[in-house]
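Reckoned from all heavy atoms, side chains included, excluding hydrogens, waters and symmetry mates. In what follows, chains are A, B, ... by sequence order, proteins preceding strands, each numbered from 1.
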2 protein chains.
Amino acid sequence: MMVKLPAGKPGKGELLNADCPSREVLKRLTGRWSLLVLIALKQETLRFSALRRRIGGVSERMLAQTLRHMEEDGFIQRTAYEVVPPHVEYHLTPLGREAESRIAVLADWLENNLGRIMQHRSAAAGETAVGNSE
Amino acid sequence: MMVKLPAGKPGKGELLNADCPSREVLKRLTGRWSLLVLIALKQETLRFSALRRRIGGVSERMLAQTLRHMEEDGFIQRTAYEVVPPHVEYHLTPLGREAESRIAVLADWLENNLGRIMQHRSAAAGETAVGNSE
DNA sequence: CTGGATCCCAGATGATACTG
DNA sequence: CAGTATCATCTGGGATCCAG
């Protein structure tokens with residue numbers, strides 16, 4: 001079964017197409033933690049534990065997994081120093097920085113408009129409560 | 001229990017803080033389908049079934065759920081015409097359009113750089129394959 | 001310190017059937 | 001047409017223990 005890309009330039013993805021590999025990448029990029037890793041690494045190179053402290057609520061397992069995936073996709077670079085105790089650092093690659101800048105646009109907007117959104121959500125919840133109990 | 005926002009302007013969120021409600025909104029915004037709904041509705045008002053056809057791979061259930069959530073958060077508006085057969089339309093609200101424009105930045109970048117990312121991923125997979133079979 | 005391995009659960013998602 | 005209800009499944013994610 002061929003994957004048909006509606007107006008395809010080479011290497012160009014189509015997110016609305018279920019068969020497009022961009023879906024896969026999107027999934028990774030918008031995963032619960034990936035995006036936060038990008039933000040956390042925006043300016044500084046960080047060690048595993050520092051990163052973990054920086055990103056509230058992430059477990060060791062998930063952070064490790066997320067970092068592995070992001071390294072695979074080329075967003076971050078992992079540098080391990082062969083010492084004991086181990087010392088591992090993570091920092092953004094050029095690709096990662098490009099992605100981060102786009103993510104930041106969204107993140108900044110979200111942080112600055114959080115009030116508006118929460119407000120709307122409360123209002124919506126109130127209205128629903130009037131008419132039914134869902 | 002108070003939510004402590006590190007350097008809080010009013011209504012300003014902190015994504016890196018686990019207790020910040022922005023996490024919740026982010027989850028919705030970056031959910032598997034929300035983002036695609038925003039893109040699909042960028043220019044046109046669409047009916048449920050049209051939207052479903054537009055977004056490859058989404059099930060009725062998930063689309064309906066996503067649309068409800070996005071309406072709650074104020075990103076889209078649902079308009080139901082009381083006719084038979086039913087006719088329901090969805091379109092972006094001003095808030096939705098703002099979000100969409102930020103999402104679009106990320107989506108466009110992703111679509112245009114998909115090749116680069118896939119390439120890196122293959123390379124990474126290759127390297128790992130040399131050393132082990134994971 | 002940096003994770004890998006395991007166990008386990010809640011929630012996300014899909015398939016299908018059904019209704020106003 | 002536009003969903004909802006139900007059931008089954010799959011996966012993300014946390015807790016814990018372990019190892020280099």
Whichever of A/Pro85 and A/Ala64 has its nearest DNA chain C nucleotide further upstream toward 5': A/Pro85
Mutual orientation of the aromatic rings belonging to A/Tyr81 and A/His87 [parallel < 30°, tilted 30-60°, perpendicular > 60°]: perpendicular
5' priority, DNA chain D, between B/Pro86 and A/Ser59 [closest heavy atom]: B/Pro86
Distance test, side-chain N/O of B/Arg68 to OP1/OP2 of D/dT4, below 4.0 Å: yes
OP1 or OP2 of C/dG3 under 4.0 Å from side-chain N/O of A/Tyr90: yes
Mutual orientation of the aromatic rings belonging to A/Trp109 and B/Phe75 [parallel < 30°, tilted 30-60°, perpendicular > 60°]: tilted
Taking every non-hydrogen atom, the tightest pair across B/Arg23 and B/Asn17: CG-O, 3.8 Å
Atom pair distance, as rounded to whole Å: CD in A/Gln65 and C1' in D/dG14: 12 Å
Any B/Arg47 side-chain N or O less than 4.0 Å from OP1/OP2 of D/dC1: no
Residue closer to the 5' end of DNA chain D, B/Glu60 versus A/Lys27 (nearest nucleotide): B/Glu60
B/Glu89 CD to D/dC1 C1', straight-line distance once rounded to whole Å: 13 Å
Side chain to side chain contact (heavy atoms under 4.5 Å, CB included) between B/Thr79 and B/Thr45, intermediate numbers included: CA-CA 10 Å; B/Thr79 310; B/Thr45 291; over 6 Å; no
Distance, rounded to the nearest Å, where A/His69 contributes NE2 and C/dG4 contributes P: 11 Å
Rounded distance in Å - CG (B/Leu67) to C1' (D/dG3): 11 Å
Expected output: side-chain A/Gln77 to main-chain A/Tyr90 donor-acceptor under 3.5 Å: no
Atom pair distance, as rounded to whole Å: CZ in B/Arg28 and P in C/dG11: 14 Å
Distance test, side-chain N/O of A/Arg78 to OP1/OP2 of C/dG3, below 4.0 Å: yes
Contact under 4.0 Å: B/Ser49 side-chain N or O vs D/dA2 OP1/OP2: yes
Spacing between B/Arg52 atom CZ and C/dG14 atom C1', to the nearest angstrom: 11 Å
Gap between atoms CZ and C1', on A/Arg32 and D/dT11 respectively (whole Å): 14 Å
Between C/dT2 (C1') and A/Arg61 (CZ): distance, integer Å: 16 Å
